[in-house]
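Working notes, structure below.
Model, not experiment: these values are computed from the prediction. In what follows, every chain begins at residue 1, and chains take the letters A, B, ... in the order their sequences are listed.
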Amino acid sequence: MVTVIYDGTFEGFLTAVFEVYEYKFSSVNITTKERFQQNVFNNHHESLFNEEKAARVWKGLTAKISAAALSQLYKAFLSEETGMEDILLKYIQYAFAKKQTIESDYSNAAVLTVIQTAKKVYREKHRMEAFIRFQLTGDGLFYAVCQPDFNVLPLIEKHFKSRYADQRWLIYDSKRKYGIYYDRFKVETVQLSFDEKTNNGKNIQIMLDEKELLYQQLWQQYFKSVNIVARKNTKLHIQHMPKRYWKFLPEKQSDAFR
Amino acid sequence: MSERLMEKLSILADAAKYDVSCSSSGSSRKNENKGLGDAKGVGICHAYTEDGRCVSLLKILLTNHCIFDCAYCVSRKSNDVKRAAFTVQEVVDLTINFYRRNYIEGLFLSSGIFKNADYTMERLVRIAKKLRQEHNFHGYIHLKAIPGASDELLKEAGLFADRLSVNIEMPTEQSLRLLAPDKNRKDMIAPMKYLKGAIEENREDKKIFKKAPLFAPAGQSTQMVIGATPENDRQILWMANQFYDKMKLKRVYYSGYVPVSNDNRLPAIGTPVPMIRENRLYQADWLLRFYGFEVDEIVNEENPLLEMDIDPKLSWALRNLQLFPLDINKADLSLIMRIPGIGVSSAKKIVAARKFSKLTWDHLKKFGIAVNRARNFVTCQSDVFNRRDWLPSQIKDKILQAGKSKYSPNFSPQLKLF
Ligand code: SF4
């Protein structure tokens with residue numbers, strides 16, 4: 001058994017796949033540097049990101065599966081689930097081994113897992129597009145914090161860019177400690193350093209635009225008013241808006257700052 | 001000032017909430033010239049109310065002052081409630097500011113009728129126009145078409161709104177006459193017809209000139225109040241089907257009547273909202289639109305009511321056991337979609353996957369199919385199909401015992417009512 005270690009990026013992973021073929025590893029698993037645990041019984045091979053190798057794998061896949069299936073692969077990768085690299089490797093090996101496209105072979109375990117995982121990641125992407133809440137700061141930046149279950153910022157970038165084309169915005173993933181920032185021209189990945197004034201970003205209230213709290217309160221009021229008490233159904237409510245998202249939703253901060 | 005605004009919002013959102021439509025999907029409006037927002041394809045629910053309904057749009061009335069007296073409506077003239085009215089600018093500001101914070105997909109604006117239909121409609125149109133032209137806003141706008149408004153105003157409305165709707169309110173003309181004496185059916189059908197024509201014409205133009213302006217790209221919809229009047233499900237679904245067929249509506253919404261009046265023409269205050277029935281109607285509606293069912297297959301002369309304890313598809317299957325079992329590895333897609341427990345997307349998966357290998361129960365389970373339910377209606381690879389002599393009622397009991405209906409814990413006391 002050989003463990004191939006890579007840097008955690010998607011391109012790095014594709015490089016690792018290339019090297020599985022290059023070195024003819026047969027019994028193999030792929031894992032990130034972070035997750036790798038040294039084990040005396042196992043050999044390991046460190047794969048270094050190589051643009052050309054990654055591109056060759058991607059190009060090879062393009063010839064074998066559709067754009068939709070490629071995007072499923074990428075989404076499944078972003079799930080960051082343990083062992084996902086091995087499933088993706090199996091999927092890729094199966095795709096390369098077969099003449100016809102295998103992407104709709106739901107009877108193959110790897111294919112089905114990739115599709116189902118991609119679906120979960122897609123759902124999280126969709127949730128983030130729904131549950132991101134911007135707060136306007138004094139200098140005109142729309143700022144949002146989130147902690148998605150999966151690493152979906154790369155997937156939501158396009159949506160926010162085309163929707164909020166005329167405003168500066170920043171979406172920060174405080175679990176993975178990076179954000180995406182749009183300056184009205186392009187989106188960039190950014191790291192943030194918070195300062196003491198905001199108590200490490202926990203207390204951004206003081207940075208907000210003077211009207212910000214008014215709109216949050218109006219939104220809370222609206223949320224309260226549209227509820228129909230005679231139809232109350234808490235189970236359904238929580239199923240659609242799981243509690244872990246609540247801390248970022250002003251409408252669920254009932255009366256906190258009134 | 002902000003307090004007055006807060007009060008207006010609470011009154012006018014409260015009065016608008018009984019309109020159940022909150023869809024923001026089906027439009028094709030793109031962001032242009034670095035403007036604000038877009039409204040393409042799938043809608044987004046940004047929140048869910050505590051009763052579990054989707055909050056996608058800022059849904060408000062421009063005013064709840066009304067010269068009409070529809071018995072089922074909170075805003076009726078004779079009702080003693082606080083009245084309020086937004087200014088055009090207030091609605092515009094709320095929409096833009098909510099939208100920029102990613103609270104909403106857009107605006108759903110309706111109104112009580114003040115002065116007359118055209119006067120009211122003109123205000124609604126003015127708000128939409130201002131959003132589009134002064135704020136370069138490309139988010140979703142749903143305007144209520146006020147019954148009796150002129151064609152010119154409807155036309156203008158179509159140029160700025162993504163969707164227009166005229167609520168038919170009551171499933172039959174008699175009920176409307178009884179409960180909404182100021183309204184007449186003709187005034188509701190006329191704008192629908194006009195919009196249907198204008199939408200069709202616009203879609204033709206679009207084929208020839210790509211640059212032709214959008215006209216209500218998300219089409220039109222309507223709403224019927226359910227349970228306020230004695231119509232049965234067959235009458236309701238028949239009516240809905242007419243709207244899909246003849247008026248080319250995108251959606252018909254069913255709104256379980258929430259008692260708001262002590263009027264003795266209506267169910268008393270405190271009567272539970274018919275939520276299960278409403279849900280069954282949506283399921284039936286779904287079967288009409290996506291599963292290739294005809295109204296008569298779902299409800300007919302012998303069975304004019306939807307069953308409350310099981311969904312309409314299962315109900316249909318139990319009445320048509322002679323068509324089953326189906327072989328999952330052979331049957332047509334259109335038939336597989338009709339199997340209880342199998343939805344459109346699972347049906348498609350089955351048809352795609354069986355090209356690679358013969359499917360077994362294990363596969364089906366992994367596809368996320370409600371196998372317990374489906375088991376009674378299909379055969380699989382290596383399967384002994386053992387249902388043959390069972391009676392429909394036995395299958396029904398078996399299924400009901402296996403999976404609790406998602407409503408039973410919450411709402412079982414209401415079942416008595418039906
Ligand atoms: S016209 Fe509309 S707002 Fe006025 S009472 Fe009738 S339903 Fe209510």
Side-chain angles (χ1 to χ4, degrees), chain A residues 100 102-109 111-113 115-116 126-127 129-136 142 144 159-167 169 184 211-212 214-219 221-241 249-252, chain B residues 2 5-6 9-14 16-18 30-31 34-38 40 42 44-55 58-60 94 97-98 100-103 136 138-139 256 258-259 272-273 275 349-350 352-360 363 366-368 406 409-410:
Chain A
Q100 87 267 44
I102 50 91
E103 64 195 63
S104 56
D105 184 1
Y106 302 94
S107 64
N108 176 287
V111 175
L112 188 64
T113 310
I115 289 169
Q116 286 172 340
H126 193 70
R127 271 191 177 143
E129 288 169 358
F131 296 155
I132 287 291
R133 295 285 182 267
F134 289 117
Q135 309 192 52
L136 179 58
F142 285 84
H159 170 84
F160 283 97
K161 184 177 172 211
S162 74
R163 170 160 298 202
Y164 298 112
D166 72 340
Q167 70 192 40
W169 52 259
R184 284 205 214 99
K211 286 234 171 116
E212 177 57 31
L214 169 65
Y215 281 109
Q216 290 189 20
Q217 283 165 9
L218 284 165
W219 174 241
Q221 179 60 56
Y222 177 70
F223 186 72
K224 221 187 266 174
S225 303
V226 290
N227 186 37
I228 300 180
V229 180
R231 302 180 57 119
K232 191 172 165 74
N233 186 347
T234 310
K235 208 172 121 200
L236 196 60
H237 172 63
I238 292 176
Q239 182 187 323
H240 286 310
M241 281 179 105
L249 301 172
E251 64 270 29
K252 298 305 292 180
Chain B
S2 71
L5 188 59
M6 199 74 76
L9 180 63
S10 87
I11 295 172
L12 296 169
D14 188 272
K17 71 189 176 190
Y18 300 99
K30 286 202 266 315
N31 190 324
K34 285 224 166 204
L36 172 62
D38 53 31
K40 349 169 244 213
V42 296
I44 298 178
C45 295
H46 286 273
Y48 292 85
T49 58
E50 279 164 31
D51 48 289
R53 285 169 310 129
C54 163
V55 180
L58 170 62
K59 193 190 323 184
I60 47 177
L94 274 174
N97 277 289
F98 279 11
R100 286 196 182 283
R101 288 167 176 75
N102 206 40
Y103 297 166
N136 202 3
H138 303 279
V258 179
V273 184
M275 288 161 81
K349 262 190 203 155
I350 289 171
R354 70 188 184 190
K355 290 191 194 122
F356 293 88
S357 48
K358 282 250 179 223
L359 300 180
T360 65
H363 288 122
K366 285 203 188 115
F367 294 175
K406 62 177 180 245
N410 273 352

Under 4.5 Å, counting heavy-atom pairs only, tell me which of [options] racks up the most with chain A.
options: B/Ala47, B/Gly139, B/Ser357; result: B/Ala47
options: B/Asn97, B/Asn136, B/Val258; result: B/Asn97
options: B/Gly35, B/Ala13, B/Ala16, B/Pro259; result: B/Gly35
options: B/Gly368, B/Ser10, B/Ala352, B/Gly256; result: B/Ser10

Can you say whether the rings of A/His240 and B/Tyr48 are parallel (under 30°), tilted (30 to 60°) or perpendicular (over 60°)?
-> parallel
Salt bridge or not for A/Glu251 and A/Lys224, using N-O below 4.0 Å?
->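 No.
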B/Lys34, NZ: over 12 other non-hydrogen atoms inside 6.0 angstrom | yes
Give a yes or no on whether the backbone of A/Ala165 and the side-chain of A/Arg184 come within a donor-acceptor separation of less than 3.5 Å.
-> no
Atom group of B/Leu58 that falls short of 4.5 Å from chain A, counting heavy atoms |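 Looking at B/Leu58, backbone and side chain both touch chain A.
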Given that the side chain runs from C-beta out, which part of B/Arg100 has a heavy atom under 4.5 Å from chain A: side chain, backbone, both or neither?
-> both
What part of [X] is in contact with chain B, defined as an atom under 4.5 angstrom from a non-hydrogen atom: side chain, backbone, both or neither?
X: A/Tyr215; value: both
X: A/Glu212; value: both
X: A/Ile228; value: both
X: A/Tyr222; value: both

Proximity of A/Tyr106 and B/Phe367 rings by center, below 6.0 Å | yes
Tell me whether the centres of the aromatic rings in A/Trp219 and B/Tyr103 are closer together than 6.0 Å.
->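 Between A/Trp219 and B/Tyr103, the centre distance is under 6.0 Å.
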B/Glu50: partners by side chain to side chain donor-acceptor pair (under 3.5 Å), with sequence neighbours left out = none
A/Leu236 vs B/Asp51, side-chain contact (heavy atoms from CB on, under 4.5 Å): CA-CA, chis, key distance, verdict = CA-CA 7 Å; A/Leu236 196 60; B/Asp51 48 289; over 6 Å; no
Among the options A/Trp169, A/Phe160, A/Phe142, A/Phe131, pick out the one with the most heavy-atom pairs lying under 4.5 Å from chain B.
->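 With the most close heavy-atom pairs to chain B, the winner is A/Phe142.
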